[in-house]
Participant: 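Okay, here's the structure, questions in a sec.
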Amino acid sequence: MAQEYEVIIGMEVHAQLLTRSKMFCSCSADYVDAPPNTHVCPVCMALPGALPVINKAAVEATIRTGLALNCRIASFSVFARKNYFYPDLPKGYQISQYELPLTTDGWVEIEDDAGHPKRVRIRRAHLEEDTGKLVHMDGYSLVDLNRAGVPLLEIVTEADLRSADEAYRYLRKLRTILRYLGVSTADMEKGAMRCEANLSVRPKGQKTLGTKVEIKNLNSFKAVRDAIAYEVQRQVRILEEGGTIEQVTLGWDASRGRTFVQRTKEEAHDYRYFPEPDLLPLEVSQEWVEALRETLPELPDAKMDRFVREYGLSRKEAWIVVEEQDVAQWYEAAVRAYGAPRQVYNWLTGEIFRYLNEANVPIDEIRVTPEGLAELLRLVDDGTINRNTAKSVLQEMLATGKDARTIVEEQGLAQVSDEAALASIVEEILAAHPDEVRRYRAGKKGLFGWFVGQVMRATRGKANPDLVRKLLQERLNE
Amino acid sequence: MALTREEVEHVAWLARLELSEEEIVRFQEQLSAILEYARMLEHIDISQVPPTASVLPMRNVMREDEVRPSLPRDVVLANAPEKESGYFRVPPVLEDTE
């Protein structure tokens, strides 16, 4: 039998914090649309003598995140200098945290590949600053320092992940938590959340760890999954052929779908961390922590459990509406307005999700309110329209922003429940199709649905389907 | 506690200093002497002393999260030897590949 292999993965995530100003100065941290070098001051461009001052909101966002990740909040925390030279780093060092980070020893729950709950341990979540941006030209480079000094949260797991899919699910979960907290947009495509993976492979049963490689530049969820899957395959192939894995830093080339070597061990960094002498330590009191705990929203796991309990959804179903906070809010508002959580769930995850995907808009931008959906469903309940008509009315509501009742009136979509009127239509249909009537009566009962369809078509879909079926039953079986 | 030649070269590289052969030898001696001098600190018992992060008696010096005006860009770029379209222009930075 072929040798089985075990993959050991740890993740390092950097998330930009959504503060108004930068980490250590009062320049705007909203750099995305700003012209180059317009959000820059003596502190973040590292002019001699300029001194940093800690942004309180960034510290609080870090503590709140630590609490949401079940971390211990350090009562005493220190910033440190991480020394290296790179043109996007004006000071020649990054202010980060090393020995005494703000938060440590937490966990995030995900599903493992067998679908069981699993805790991914968080080693630390600490505060640091982002670097500037480089633009590479032909023969030279350009530097924009608007991003330099934007607060960054670094979240490091223990090596608890065992597959590319687990890593993917961990990241998605982390993004959801950060967004619920409102501390980061966690938008990977825009660089607000970046990710590195440490990975090693060993034959199953072997005690010692395999050689660890680091994969950088993973800037989409797909890249994370693809790069890890590729690298596992690559390493297993090398081990199968009796080769050895080199300890290297890899990049991910998404267009070619392969990893490439960025740095070898010999060039490993030597950061010479030491306590940042320009900043004073932080003392985080229990009262401060508790006050921040009060500000936490209902977190995704708790909301999922509650949706399972209160609305009778399965965990998987609940997660589908919980993963995005705005969707969860929309769902709950619709359930409040209408009742019937299961029905609301089906409409939301069916018709409305389809529209969100096709139109590529977030739920808070659609033109149907939860109350609007409730009104539509009540029109079905009281027999004004049938289910199929309701679907097209909803499309119209999404497209025009009109309410259900207006659309039904304007387009004359009210269901025909007038028994005499429907009976005469049924007569016409039967008279027009004597062959089918004969075959049905001779035992081809499958034609019944076809008759229903004919009547629905004759009424442009407005007939009350229950009534149509009843009338057809009576006439065909007499 | 003599510093090796490789250690001197490594420290010089970290500081992006180019040392001549004569300097490497001289700094090896001088840096070793400095380390030897500092070594007397090892005789002090600090097992009960937490590592010092700051000698000032203050803690939690923070600012509120408020935006203030940044510098005008011409001032930001005033001392740049080279600039282009509002950017600092620098020698080519190779993505750390190969």
Participant: Near A:K133 NZ, under 6.0 Å, is it more than 12 heavy atoms from other residues, nucleotides or ligands?
Facilitator: no
Participant: Return the CD to CE distance between A:E60 and B:M62, rounded to the nearest 0.5 Å.
Facilitator: 7.0 Å
Participant: At a 4.5 Å cut-off on heavy atoms, which part of A:L145 comes close to chain B: side chain, backbone, both, or neither?
Facilitator: side chain
Participant: With sequence neighbours excluded, tell me which residues meet ring-ring contact (aromatic ring centres under 6.0 Å, His included) with B:F88.
Facilitator: none
Participant: Quick check on A:F76 against chain B: is it the side chain, the backbone, both or neither that has a heavy atom closer than 4.5 Å?
Facilitator: side chain
Participant: Taking the side chain as C-beta and beyond, is there a heavy-atom pair between B:R73 and A:P35 under 4.5 Å?
Facilitator: yes
Participant: Where on A:K22 is there a heavy atom nearer than 4.5 Å to chain B: the side chain, the backbone, both, or neither?
Facilitator: backbone
Participant: What are the two closest non-hydrogen atoms of B:H10 and A:D270, and how far apart are they?
Facilitator: NE2-OD2, 2.8 Å
Participant: For B:E7, I'd like to know if atom CD has over 12 heavy atoms of other residues, nucleotides or ligands within 6.0 Å.
Facilitator: yes
Participant: Kindly give the heavy-atom pair with the smallest separation between A:V40 and B:S70, and that separation in Å.
Facilitator: O-CB, 3.3 Å
Participant: Considering only heavy atoms, which portion of A:P36 lies under 4.5 Å from any heavy atom of chain B: side chain, backbone, both, or neither?
Facilitator: both
Participant: Is it the backbone or the side chain of A:C44 that comes under 4.5 Å from a heavy atom of chain B, or both, or neither?
Facilitator: neither
Participant: Would you mind telling me which of A:C27, A:C41, A:A57 has the largest number of heavy-atom pairs within less than 4.5 Å of chain B?
Facilitator: A:C27
Participant: Surrounding OH of A:Y271 (heavy atoms of other residues, nucleotides or ligands, distance under 6.0 Å), is the total greater than 12?
Facilitator: yes
Participant: Quick one: pull up OG1 in A:T38 and CG in B:L71 and give me the separation to the nearest 0.5 Å.
Facilitator: 11.0 Å
Participant: Taking only residues two or more places apart in sequence, or in another chain, which ones meet A:S21 in a side-chain contact (heavy atoms from CB on, under 4.5 Å)?
Facilitator: A:N55, B:R63, B:D65, B:V67
Participant: Measure the CE-CD distance between A:M137 and B:E84 for me, rounded to the nearest 0.5 Å.
Facilitator: 5.5 Å
Participant: Keeping the roles fixed (side chain from B:S54, backbone from A:L280), state whether a donor-acceptor pair exists under 3.5 Å.
Facilitator: no
Participant: Take atom CZ in A:F85; do more than 12 heavy atoms of anything else shown fall under 6.0 Å from it?
Facilitator: yes
Participant: Name the member of B:P51, B:A53, B:S85 that forms the most heavy-atom pairs with chain A at distances under 4.5 Å.
Facilitator: B:A53
Participant: I need the residue from B:T52, B:L14, B:V55, B:V61 with the largest number of non-hydrogen atom pairs under 4.5 Å to chain A.
Facilitator: B:L14
Participant: In residues 15-23 of chain B, which residues are in contact with chain A at a heavy-atom separation under 4.5 Å?
Facilitator: B:A15, B:R16
Participant: If you count heavy-atom pairs within less than 4.5 Å of chain B, which of A:E276, A:R272, A:E283, A:M45 leads?
Facilitator: A:E283
Participant: Can you see which heavy atom on A:P87 is nearest to which on B:V93, and at what distance?
Facilitator: CG-CG2, 3.4 Å
Participant: Identify the residues of residues 74-83 of chain B whose heavy atoms come closer than 4.5 Å to a heavy atom of chain A, ordered by number, or report 'none'.
Facilitator: B:V76, B:L77
Participant: Atom CZ of B:R59 and atom OG of A:S285: how far apart are they, to the nearest 0.5 Å?
Facilitator: 14.0 Å
Participant: Which atom names give the shortest non-hydrogen contact between A:P281 and B:M58, and what distance separates them?
Facilitator: CD-O, 4.3 Å
Participant: Apply side chain to side chain contact (heavy atoms under 4.5 Å, CB included) to residues B:Y87 and A:D144 and explain how you reach the verdict.
Facilitator: CA-CA 6 Å; B:Y87 289 90; A:D144 171 13; 3.6 Å; yes
Participant: Would the number of heavy atoms belonging to other residues, nucleotides or ligands and lying under 6.0 Å from CG of A:L51 be above 12?
Facilitator: yes
